[in-house]
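Because the structure is a prediction, the values reported are computed rather than measured. Residue numbers begin at 1 in each chain, while the letters A, B, ... track the order of the sequences.
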Protein chains: 2
Amino acid sequence: MKDIKTHSIGGNAGRNRTHNRRVVLDYVRANEPTGRAEISKSCGLSFQAVSNIIEALQNEGLLVAVGHKTGERGQPAAQYKFNPESAFSVGIELRPDALICATLNLKGDCIYRERLAISDTSPAKAIPEICDMVDRAIVKIKRSREQLLGVGVVMPGPFGASEMSDLEAAIVPDWDDVDVQKVFEEALKCPVIAENDATAAAISERVAGVASAIDTYCFVYFGAGLGLGVMTNGHAQRGAFGNFGEIGHVITQVGGNECSCGNYGCLETYASRISARKFLAVRGIDVSSGAEMATLLEQNNPDFIEWIDIAAKHLSQAIGILENIFDPETIVFGGAMPDAVIDALIERLELPQGSVANRKHRTIKRVLRGSSGHFTAAIGGASLIIHQTTTPSIAVYS
Amino acid sequence: MKDIKTHSIGGNAGRNRTHNRRVVLDYVRANEPTGRAEISKSCGLSFQAVSNIIEALQNEGLLVAVGHKTGERGQPAAQYKFNPESAFSVGIELRPDALICATLNLKGDCIYRERLAISDTSPAKAIPEICDMVDRAIVKIKRSREQLLGVGVVMPGPFGASEMSDLEAAIVPDWDDVDVQKVFEEALKCPVIAENDATAAAISERVAGVASAIDTYCFVYFGAGLGLGVMTNGHAQRGAFGNFGEIGHVITQVGGNECSCGNYGCLETYASRISARKFLAVRGIDVSSGAEMATLLEQNNPDFIEWIDIAAKHLSQAIGILENIFDPETIVFGGAMPDAVIDALIERLELPQGSVANRKHRTIKRVLRGSSGHFTAAIGGASLIIHQTTTPSIAVYS
DNA sequence: ATATTTATTCAAGTTATTTGAATTAAGTAT
DNA sequence: ATACTTAATTCAAATAACTTGAATAAATAT
């Protein structure tokens with residue numbers, strides 16, 4: 001198991017500059033188009049400091065000037081925004097049966113994707129395939145490798161299952177004791193971030209999704225099982241050992257369905273793709289793909305509706321837990337599940353009354369559907385890189 | 001309701017120095033006695049930078065030299081440690097029936113405490129009383145006001161209940177719409193931090209308790225209800241609106257006991273001081289104080305043991321939730337409950353097998369008892385201040 | 001037209017860092 | 001004992017990035 005313990009290091013002029021660049025980029029990301037004086041006031045930096053940073057970002061092509069803001073007194077402020085085509089990132093999702101690649105521009109728009117079915121996902125086989133995929137993506141979008149900010153590699157957690165008491169069989173075989181980041185940085189010769197699918201998906205909603213202006217939220221990820229990604233003040237939570245967010249094994253019914261983890265009544269046995277398949281298999285219906293689920297829903301299939309009702313009941317409980325524990329601005333549902341099914345689940349939720357989230361003057365709905373569809377995990381991988389380049393690391397509480 | 005949304009600001013030389021001082025102090029706190037070269041390596045700063053900071057900290061009296069480290073090659077490294085008496089902080093707990101004051105030295109040792117029973121906790125009455133208490137504390141410990149780092153004010157959450165749908169009656173009346181920090185900074189003329197009891201208690205375990213070397217952990221706080229404080233990478237979680245950690249209203253038994261929040265089966269109705277009182281009242285036993293609970297436990301009172309068993313069962317579920325969601329290094333139990341009762345609860349837990357925390361090679365127990373006893377909240381308040389002075393704000397993930 | 005406001009530019013000035021050379025002092029090998 | 005190695009420490013200079021202050025530019029308001 002990899003201990004991802006973090007620790008704080010000292011700052012110096014260079015690290016400070018990196019941080020300030022990110023502060024500026026993050027502000028522009030959330031408020032574009034915007035001007036230097038405005039950034040200066042919001043970010044607690046002198047006009048001159050901001051001016052220098054903007055100039056550098058412009059020279060690098062990350063920002064572009066877009067005219068001047070008129071209608072107010074004083075000299076019109078030059079406005080800047082992201083130059084979406086100035087840089088890009090690649091996300092790779094490693095699944096037991098396939099590799100998925102998504103390429104995002106700096107604004108987080110998906111500009112290329114590819115799915116490659118493979119049977120052997122062992123590192124020896126998958127790594128060369130992934131390197132080829134990344135190369136293909138760069139060729140397809142007609143960019144140079146210098147514009148590649150990095151690659152985000154996503155695979156299902158929890159990591160380090162081999163050290164655990166059979167909580168979960170390693171979902172992608174042979175990757176358990178691999179230092180994913182290191183291996184890929186060597187193979188791809190560019191910055192790499194490795195992350196689990198739920199957290200990556202959560203970040204993607206902030207980079208270019210429903211949470212772009214939200215700093216604190218939970219993301220419930222429908223994968224094979226059920227995952228959770230949490231953002232607090234714009235920072236993703238990772239846990240002490242990288243296994244943050246195993247919400248699938250939270251028990252929502254004592255003595256309920258038997259779970260692969262050995263317990264009974266885990267949420268994941270009621271609300272996940274696998275749970276739907278099992279539930280319907282007993283009734284003689286075989287669903288293996290998301291498309292089939294969408295069809296059943298369209299047909300108002302009573303068995304599937306029954307599953308949705310049960311899943312929604314258990315998810316409602318999970319929402320109560322998340323809201324009361326995290327006090328988030330909102331909860332986002334997303335992942336490898338058709339939008340229509342997620343909408344149906346959200347529609348049938350019975351949101352708990354006794355929750356700190358049950359405020360009178362809410363501005364955002366308590367539960368939203370994510371925007372990145374079922375490519376979420378790969379897009380999330382690419383989002384990790386973009387998020388890092390625009391996420392500052394000095395937090396000041398006011 | 002107060003929105004405590006935070007945002008990152010840019011850095012400059014001064015802020016950088018503040019940060020680096022904290023990095024150094026935090027390292028010394030966790031590793032004392034230690035030397036400059038060692039700090040330099042661990043904190044990613046040049047020897048000279050560390051040297052300058054150490055010199056300043058020494059001049060201010062926060063650190064003291066304690067001889068040289070011998071036994072290794074090279075010039076013996078001068079060792080430094082905290083000077084516990086160089087500074088102090090005061091914590092105030094505001095309860096419905098009393099004010100509690102605790103004073104800590106820089107190492108987090110409690111050097112003075114006072115409990116004052118009051119009936120009127122309205123701001124108009126309580127604020128002058130608290131100012132007097134702080135003054136008395138400074139006189140008692142024979143220090144000057146310049147050495148006061150600040151005051152931490154603690155009251156039960158959730159805050160902003162008036163805006164909520166009766167989740168919880170405001171526990172300390174009339175404080176709901178008060179900007180606690182501002183009001184006390186004006187009254188006390190020193191830095192003030194306001195926090196809920198559970199989070200403050202969690203921080204106290206890091207400042208001088210069982211979690212001094214632990215960066216990521218959960219603290220389950222037994223107050224009137226049940227609270228949760230969470231530390232991730234040395235930073236306390238606060239939620240989007242300051243109501244993080246309302247674990248008491250997580251449902252552990254669907255359709256169970258009726259709760260004041262309107263729901264049924266909330267954890268708090270099984271495992272809290274109030275739940276014990278209610279449980280025993282039905283059986284004709286009246287317990288209003290912690291001491292009485294301790295006595296019942298000592299006498300092996302079968303009704304009380306029954307309550308403990310039930311509480312432990314529900315707490316075990318909560319532990320499963322916390323471990324799977326947060327992936328902490330450990331979970332700490334503490335608060336306004338006698339140590340013996342907490343120990344009895346811990347003893348009777350049935351820790352879930354299906355948890356990411358159920359690792360083979362654990363070094364820390366899954367559940368620990370906190371060390372600060374039933375003055376926890378006030379000590380926690382004082383700890384907030386100490387924590388802030390030693391907690392850096394640039395996090396680097398390695 | 002003139003005053004006011006705000007953004008911007010240019011040119012120092014400041015702070016806290018890093019770098020490099022020289023010094024000190026202990027342990028280790030001969 | 002003596003010389004060598006290792007590591008901490010000190011001193012002085014160089015550097016990077018930010019802030020400050022004065023001057024200028026271009027709008028709106030009176």
Verify salt bridge (charged side-chain N to carboxylate O under 4.0 Å, His left out) between B/K107 and B/E32, making sure each step is shown before the conclusion. CA-CA 11 Å; B/K107 273 303 285 176; B/E32 72 172 27; 3.4 Å; yes
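- A sub-4.0 Å separation between OP1 or OP2 of C/dT6 and a side-chain N or O of A/K41 is absent.
- Atom pair B/H19:NE2 and C/dT17:C1' shows a separation of 13 Å (rounding to whole Å applied).
- As a whole-Å value, the separation of A/H68 NE2 from C/dT5 C1' is 17 Å.
- Considering A/L104, A/L148, A/D109 as possible partners of A/F88, the one that fulfils the side-chain contact (heavy atoms from CB on, under 4.5 Å) test is A/L148.
- In this structure, the CG atom of B/L57 is 13 Å from the P atom of C/dA16, given to the nearest Å.
- Taking for each of B/Q75 and B/N52 the nucleotide of DNA chain C with the nearest heavy atom, the 5'-most of the two is the partner of B/N52.
- Between the CG atom of B/N20 and the P atom of C/dT15 there is a distance of 17 Å, rounded to whole Å.
- In this model, a donor atom of one side chain and an acceptor atom of the other lie less than 3.5 Å apart for A/Q237 and A/T232.
- If you find the closest nucleotide of DNA chain C to A/E38 and to B/S46, the one lying nearer the 5' end belongs to A/E38.
- With 3.5 Å as the limit, one finds no donor-acceptor pair spanning the side chains of B/R22 and B/T390.
- Nucleotide C/dC10 holds its P atom 11 Å from the CZ atom of A/R36, rounded to whole Å.
- Taking atom CZ of residue A/F47 and atom C1' of nucleotide C/dC10, one finds them 12 Å apart after rounding to whole Å.
- If you run side-chain contact (heavy atoms from CB on, under 4.5 Å) between A/L57 and each of A/V64, A/L62, A/N83, only A/L62 comes through.
- For the 3.5 Å distance criterion, the side chains of A/T391 and A/H387 qualify, holding a donor opposite an acceptor.
- Close approach of DNA chain D to chain B, defined as any atom under 4.0 Å from a non-hydrogen atom of the protein, starts and stops at D/dT5 to D/dT19.
- Side-chain contact annotation: A/E205 with A/S371, donor-acceptor N/O pair under 3.5 Å present.
- As a whole-Å value, the separation of B/R17 CZ from C/dT17 C1' is 9 Å.
- Spacing between atom CD1 of A/I54 and atom P of C/dT9 amounts to 11 Å, rounded to whole angstrom units.
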Quick one: which protein N/O atoms are closer than 3.5 Å to N/O atoms of nucleotides 27-30 of chain C? Pair and distance per line, please.
residue, atom, partner, partner atom, Å
C/dG27, N2, B/R73, NH2, 3.2

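- A sub-4.0 Å separation between OP1 or OP2 of C/dT18 and a side-chain N or O of A/N12 is present.
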